[in-house]
Amino acid sequence: MKTDKTREFDIANYLSSQKLITEYINQVLADGDTDELLEAIGHIARARSMTRVAKETGLQRESLYKSLKAGANPKFDTVVKVLNSFGVKLQAV
């Protein structure tokens, strides 16, 4: 008997272009949920390679994992550095 195996959905597997990343961030920002934003930034960091993001930002990989999860309270500077490493700029409109 053959059984079908399913994998848990991981959005990081689908964030393969700058356009998708930008749209994802815009949707999360529109919702206004801080925890959701931190998780989204974490998903993008994993999609881009957390090690690469750590090198580009000068931050420790382990601290990025801790900072980019729901309930975390990272410094604003950390969030900006990570977003900049994605090519995402904060802008008031």
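Note that the numbering runs from 1 along the sequence shown for the chain.
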Practice task
Measure across Ile41 and Val79 and return the closest heavy-atom pair with its distance rounded to 0.1 Å.
Solution key: CD1-CG1, 3.9 Å
Practice task
Using atom types as modelled and distance alone, determine if a side-chain donor or acceptor of Asp31 lies under 3.5 Å from a backbone N or O of Asp33.
Solution key: no
Exercise for the section: Name all residues meeting the side chain to side chain contact (heavy atoms under 4.5 Å, CB included) criterion together with Ser17; count only those two or more places apart in sequence or in a different chain, and write none if there are none. Expected result: Lys19, Leu20
Problem - pair Leu83-Lys89: side-chain heavy atoms closer than 4.5 Å - result: no
Exercise for the section: Enter the distance from Ile44:CD1 to Ile25:CD1 here, rounded to the nearest 0.5 Å. Expected result: 3.5 Å
Practice task
Any chance you could measure Asn26, atom CG, to Thr22, atom OG1, to the nearest 0.5 Å?
Solution key: 6.5 Å
Problem - Side chain proximity check, Phe86 to Val53, heavy atoms < 4.5 angstrom - result: yes
Show me, pair by pair, the donor-acceptor contacts under 3.5 angstrom made by side chains of residues 62-74, not counting sequence neighbours?
{"residue": "Ser63", "atom": "OG", "partner": "Gln60", "partner atom": "O", "Å": "2.8"}
{"residue": "Ser67", "atom": "OG", "partner": "Ser63", "partner atom": "O", "Å": "2.8"}

Handout entry: Partner residues of Asp77 under the salt bridge (Lys or Arg N to Asp or Glu O under 4.0 Å) criterion, sequence neighbours left out
Key = Lys81
Fill in the blank from the handout: For residues 36-56, the side-chain hydrogen bond (donor to acceptor under 3.5 Å, both in side chains) pairs (sequence neighbours left out) are Asp10-Arg46, Gln18-Arg48, Tyr24-His43, Arg52-Glu56
Practice task
Mind checking the CD-CG spacing from Gln27 to Leu37? Nearest 0.5 Å is all I need.
Solution key: 13.0 Å
Fill in the blank from the handout: Sorted by chain and residue number, the ring pair (Phe, Tyr, Trp, His ring centres under 6.0 Å) partners of Phe9 (sequence neighbours excluded) come out as Tyr14
